Amino acid sequence: MKLAICPGSFDPVTNGHIDIISRAAKIFDRVIVVVMMNYNKPNSYFTAAERVELIRRSLPEDMTNCVVDMYDGLLADYCRERNVCAVVKGLRAVSDFEYEFQQALTNKQLNPDLETVFMTADAKHMYLSSSVVKQVGEFGGDISQFVPPQICDDIVKRVKERNGKI
């Protein structure tokens with residue numbers, strides 16, 4: 001069985017994330033979506049447990065080969081412990097590639113059996129990031145086109161809470 005992982009901070013999960021996860025689920029037998037703790041992003045809008053729940057609610061019901069988890073350690077270790085063969089990462093632009101390439105090489109050094117598969121973002125999501133969603137939301141913009149409809153209200157509510165508007 002070919003097991004892949006789609007790691008990220010997912011704060012919050014976007015339609016771009018869901019697109020990459022869905023495409024990975026068509027290639028691999030099983031996909032684990034893992035909310036990773038990113039210490040370079042200390043001001044998360046959602047806790048790791050909340051992000052796991054948001055992703056679970058966002059995945060299509062018929063996508064039965066995906067599970068959602070969280071981890072607070074090295075990605076290479078997580079993959080070794082669970083016999084994961086590939087890390088799937090979405091790329092929006094050349095700037096993404098530089099960072100992700102460095103991460104892929106590091107993971108390969110730490111876990112020689114681990115491969116990284118890069119998927120280019122769908123053109124309609126190339127500009128989209130969790131940061132864009134939060135920024136648009138903070139200024140009162142409509143984020144409904146950027147995030148799954150099942151969680152849009154949760155994100156809007158959290159943005160308002162953080163801005164002191166609730």
Side-chain angles (χ1 to χ4, degrees), residues 1-60 62-135 146-148 151 155 158:
M1 175 184 284
K2 297 290 182 190
L3 179 61
I5 184 173
C6 289
S9 52
F10 304 108
D11 187 41
V13 65
T14 69
N15 289 333
H17 293 129
I18 298 300
D19 178 59
I20 295 294
I21 295 164
S22 299
R23 290 164 49 202
K26 292 176 184 174
I27 297 170
F28 294 94
D29 298 319
R30 192 149 177 86
V31 174
I32 305 171
V33 182
V34 180
V35 173
M36 302 292 295
M37 305 309 130
N38 186 337
Y39 296 102
N40 292 325
K41 299 178 181 180
N43 298 318
S44 298
Y45 274 52
F46 296 91
T47 67
E50 288 172 328
R51 286 179 267 159
V52 165
E53 183 56 29
L54 291 173
I55 295 166
R56 283 187 180 135
R57 289 176 35 216
S58 298
L59 293 176
D62 63 346
M63 196 184 304
T64 58
N65 65 331
C66 286
V67 295
V68 186
D69 197 6
M70 67 178 129
Y71 190 68
D72 188 16
L74 290 174
L75 179 64
D77 291 341
Y78 181 95
C79 292
R80 185 181 299 105
E81 292 167 10
R82 287 158 184 82
N83 204 28
V84 170
C85 69
V87 176
V88 177
K89 296 297 291 188
L91 297 177
R92 295 168 296 194
V94 174
S95 58
D96 283 348
F97 178 76
E98 186 174 342
Y99 173 78
E100 296 299 347
F101 184 68
Q102 183 180 27
Q103 294 301 309
L105 292 174
T106 302
N107 286 329
K108 188 72 167 168
Q109 190 69 32
L110 295 172
N111 182 348
D113 296 325
L114 188 60
E115 298 297 336
T116 299
V117 176
F118 295 114
M119 289 187 164
T120 55
D122 186 290
K124 64 185 173 193
H125 302 303
M126 290 196 84
Y127 64 92
L128 187 55
S129 68
S130 297
S131 297
V132 165
V133 170
K134 291 182 282 196
Q135 186 174 31
F146 307 137
V147 299
I151 64 168
I155 297 168
R158 183 59 51 90

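Note that the coordinates shown come from a computational prediction; the quantities given were computed from them, not determined experimentally.
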So with a 6.0 Å cut-off around CZ of Phe118, is the heavy-atom count from everything else above 12? yes
Below 4.5 Å, heavy atoms only, C-beta onward: do Glu50 and Arg158 meet side chain to side chain? yes
Identify whether the distance between the nearest side-chain nitrogen and carboxylate oxygen of Lys89 and Asp96 falls below 4.0 Å. no
To the nearest 0.5 Å, tell me how far Asp72 CG sits from Leu74 CG. 10.0 Å
Test your reading of the model: is there a side-chain donor-acceptor pair from Lys134 to the backbone of Asp11, 3.5 Å cut-off? yes
Residues Ile27, Val117; criterion side-chain contact (heavy atoms from CB on, under 4.5 Å); working and verdict: CA-CA 11 Å; Ile27 297 170; Val117 176; 5.9 Å; no
Does Val68 offer a backbone N or O that forms a donor-acceptor pair with the side chain of Arg56 under 3.5 Å? yes
Distance-only, no hydrogens or angles: does the Asn65 side chain make a donor-acceptor pair with backbone N or O of Phe28 under 3.5 Å? yes
Does any part of the side chain of Met70, heavy atoms only, come nearer than 4.5 Å to the side chain of Arg51, both counted from C-beta? no
Without swapping roles, check the side chain of Ser130 against the backbone of Pro12 for a donor-acceptor pair under 3.5 Å. yes
Spacing of CD1 belonging to Ile18 relative to OG belonging to Ser58, to within rounding of 0.5 Å: 4.5 Å
Nearest heavy atoms of Ala121 and Met126, plus distance in Å: O-CG, 4.0 Å
Measuring only between side-chain heavy atoms, which start at C-beta, is His125 closer than 4.5 Å to Asn15? yes
With side chains defined as the heavy atoms from C-beta onward, is the minimum distance between Arg82 and Asp69 less than 4.5 Å? yes
Let me confirm one number: the CG-CG distance from Asn83 to Leu114, rounded to the nearest 0.5 Å. 10.5 Å
Does a sphere of radius 6.0 Å around CD in Gln109 hold more than 12 heavy atoms from other residues, nucleotides or ligands, not counting ones at 6.0 Å or beyond? no
Distance from Gln102 atom CD to Asn107 atom CG, nearest 0.5 Å? 11.0 Å
Where Glu100 and Leu91 come nearest, the two heavy atoms and their spacing: CG-CD2, 3.8 Å
Would Ile155 and Phe46 satisfy side-chain contact (heavy atoms from CB on, under 4.5 Å), going step by step from the backbone distance to the final call? CA-CA 9 Å; Ile155 297 168; Phe46 296 91; 4.1 Å; yes
Within residues 64-96 or reaching into it, pairs that qualify as ring pair (Phe, Tyr, Trp, His ring centres under 6.0 Å) - sequence neighbours excluded: Tyr71-Tyr78
Minimal non-hydrogen separation, Pro7 against Met36, with atom names: CB-CG, 3.9 Å
Please round to the nearest 0.5 Å and tell me the distance separating atom CD1 of Ile21 and atom NZ of Lys26. 13.0 Å
Test side-chain contact (heavy atoms from CB on, under 4.5 Å) on Asp77 and Leu110 and set out the steps. CA-CA 8 Å; Asp77 291 341; Leu110 295 172; 5.8 Å; no
Can you list the steps and then say if Ile55 with His17 is a side-chain contact (heavy atoms from CB on, under 4.5 Å)? CA-CA 9 Å; Ile55 295 166; His17 293 129; over 6 Å; no
Indicate the atoms forming the closest heavy-atom contact of Ile5 with Cys79, along with that distance. CG2-SG, 3.7 Å
Looking at side-chain heavy atoms only, is the closest gap between Val33 and Val13 below 4.5 Å? no
Can you find a heavy atom in the side chain of Glu98 that is under 4.5 Å from one in the side chain of Val94? no
I need the Leu54 CG to Thr47 OG1 distance, nearest 0.5 Å. 8.5 Å
Quick one: are Met119 and Val88 in side-chain contact, heavy atoms under 4.5 Å? yes
Taking C-beta and beyond as the side chain, do Thr14 and Ser129 meet within less than 4.5 Å on heavy atoms? no
